[in-house]
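Before any comments, here is the structure.
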Amino acid sequence: QVQLVESGGGLVQAGGSLRLSCVYSGGIPNGHTMDWYRQAPGKQRELVAGFTGNDNADYADSVKGRFTISRDYAKNTLYLQMNSLKLEDTAVYYCHMNIKSSYSRDYWGQGTQVTVSS
């Protein structure tokens with residue numbers, strides 16, 4: 001039922017910007033959290049930025065001050081604004097939703113490739 005559809009990835013030069021979008025749909029209850037993860041080749045998937053159930057934002061130290069997570073409830077869309085991109089930001093970026101009820105459920109987008117060139 002829950003679907004996450006990402007867009008906005010691509011090739012960008014170092015120092016440039018991209019904005020990722022994640023449109024979500026389905027039966028989504030209150031009390032869920034949403035996050036952006038990324039996975040670079042040969043590395044584990046890591047949390048980049050996320051909202052708690054109270055819409056408090058947290059960021060990985062590596063992106064703090066450069067990335068901004070936001071959400072448009074009217075459009076059912078989660079965003080990740082990425083500025084001052086670095087080569088090490090190159091990764092597949094994933095939109096993630098966790099729904100906690102009687103048990104935890106996790107939903108993932110398909111992933112979108114972000115490649116930062118020198």
Side-chain angles (χ1 to χ4, degrees):
Q1 281 288 94
V2 175
Q3 290 193 63
L4 310 176
V5 180
E6 303 170 359
S7 62
L11 177 65
V12 64
Q13 286 188 306
S17 299
L18 284 174
R19 188 176 75 163
L20 306 182
S21 299
C22 173
V23 179
Y24 52 92
S25 61
I28 303 173
N30 295 327
H32 62 275
T33 61
M34 296 196 73
D35 319 273
W36 287 99
Y37 284 75
R38 69 184 181 188
Q39 187 168 20
K43 296 183 179 180
Q44 297 296 113
R45 189 172 298 185
E46 64 173 342
L47 177 65
V48 177
F51 282 120
T52 69
N54 294 319
D55 290 336
N56 296 314
D58 290 311
Y59 298 92
D61 289 340
S62 59
V63 307
K64 193 171 297 182
R66 300 188 297 118
F67 290 11
T68 303
I69 188 171
S70 62
R71 184 171 181 174
D72 189 330
Y73 284 93
K75 296 181 178 179
N76 293 335
T77 303
L78 182 75
Y79 300 98
L80 183 66
Q81 179 66 47
M82 305 184 295
N83 298 326
S84 302
L85 283 162
K86 304 175 180 179
L87 266 61
E88 53 262 40
D89 294 320
T90 295
V92 178
Y93 285 72
Y94 297 91
C95 179
H96 167 258
M97 177 185 292
N98 175 258
I99 299 175
K100 186 177 181 181
S101 55
S102 58
Y103 61 96
S104 181
R105 290 171 289 169
D106 291 282
Y107 299 91
W108 296 90
Q110 78 284 356
T112 184
Q113 177 71 48
V114 173
T115 302
V116 184
S117 63
S118 60

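Remember, it's a predicted structure, so these values are computed and weren't measured experimentally.
Counting heavy atoms from C-beta outward, Leu87 and Ser118 have side chains that approach closer than 4.5 Å. Side chains of Arg105 and Lys100 form no contact here, defined as non-hydrogen atoms less than 4.5 Å apart. With a 4.5 Å cut-off on side-chain heavy atoms, Met82 and Trp36 do not count as touching. Side chains of Tyr37 and Glu46 form no contact here, defined as non-hydrogen atoms less than 4.5 Å apart. Contact annotation: the side chain of Val2 approaches that of Ile28 to within less than 4.5 Å [non-hydrogen atoms, C-beta and beyond]. Using a 4.5 Å cut-off on side-chain heavy atoms (C-beta onward), Tyr107 and His96 make no contact. Side-chain atoms of Leu78 and Leu4, non-hydrogen and from C-beta on, never get closer than 4.5 Å to each other.
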Working for side-chain contact (heavy atoms from CB on, under 4.5 Å), residues Tyr59 and Leu47: CA-CA 8 Å; Tyr59 298 92; Leu47 177 65; over 6 Å; no
Worked verdict on Leu85 versus Phe67 for side-chain contact (heavy atoms from CB on, under 4.5 Å): CA-CA 9 Å; Leu85 283 162; Phe67 290 11; 3.9 Å; yes
From CA spacing to verdict: side-chain contact (heavy atoms from CB on, under 4.5 Å), Val48, Ile69: CA-CA 9 Å; Val48 177; Ile69 188 171; over 6 Å; no
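Cluster annotation: Val92 is not connected to Leu80 through the hydrophobic network of ILVMFWY side chains, with a link wherever side-chain heavy atoms come within less than 4.5 Å. Cluster annotation: Ile99 is connected to Met34 through the hydrophobic network of ILVMFWY side chains, with a link wherever side-chain heavy atoms come within less than 4.5 Å. Residues Tyr93 and Val23 are members of separate hydrophobic clusters, defined by side-chain heavy-atom contacts under 4.5 angstrom among Ile, Leu, Val, Met, Phe, Trp and Tyr.
Listed by chain and number, the residues in a side chain to side chain donor-acceptor pair (under 3.5 Å) with Asn83 are Ser17, Gln81 (sequence neighbours excluded). Remark: Ser62 pairs with Arg38 by the side chain to side chain donor-acceptor pair (under 3.5 Å) rule, at least two apart or across chains. For the ring pair (Phe, Tyr, Trp, His ring centres under 6.0 Å) test, no residue two or more places apart in sequence or in another chain qualifies with Tyr79.
A donor-acceptor contact shorter than 3.5 Å is absent between the side chain of Thr90 and the backbone of Glu88. In terms of modelled atom types and a separation under 3.5 Å, the side chain of Glu6 and the main chain of Thr112 share a donor-acceptor contact.
Note: Tyr94 and Trp108 have perpendicular aromatic rings, judged against thresholds of 30 and 60 degrees for the angle between ring planes.
For the residue pair Asn98 and Ser104, a side-chain donor N or O sits within less than 3.5 Å of a side-chain acceptor on the partner.
With values rounded to the nearest 0.5 angstrom, Ser84 atom OG is found 7.0 Å from Arg66 atom CZ. With rounding to the nearest 0.5 Å, the separation of CD in Gln3 from CD in Gln110 is 10.0 Å.
With respect to Asp61 and Lys64, a salt bridge is recorded, a charged nitrogen being found less than 4.0 Å from a carboxylate O.
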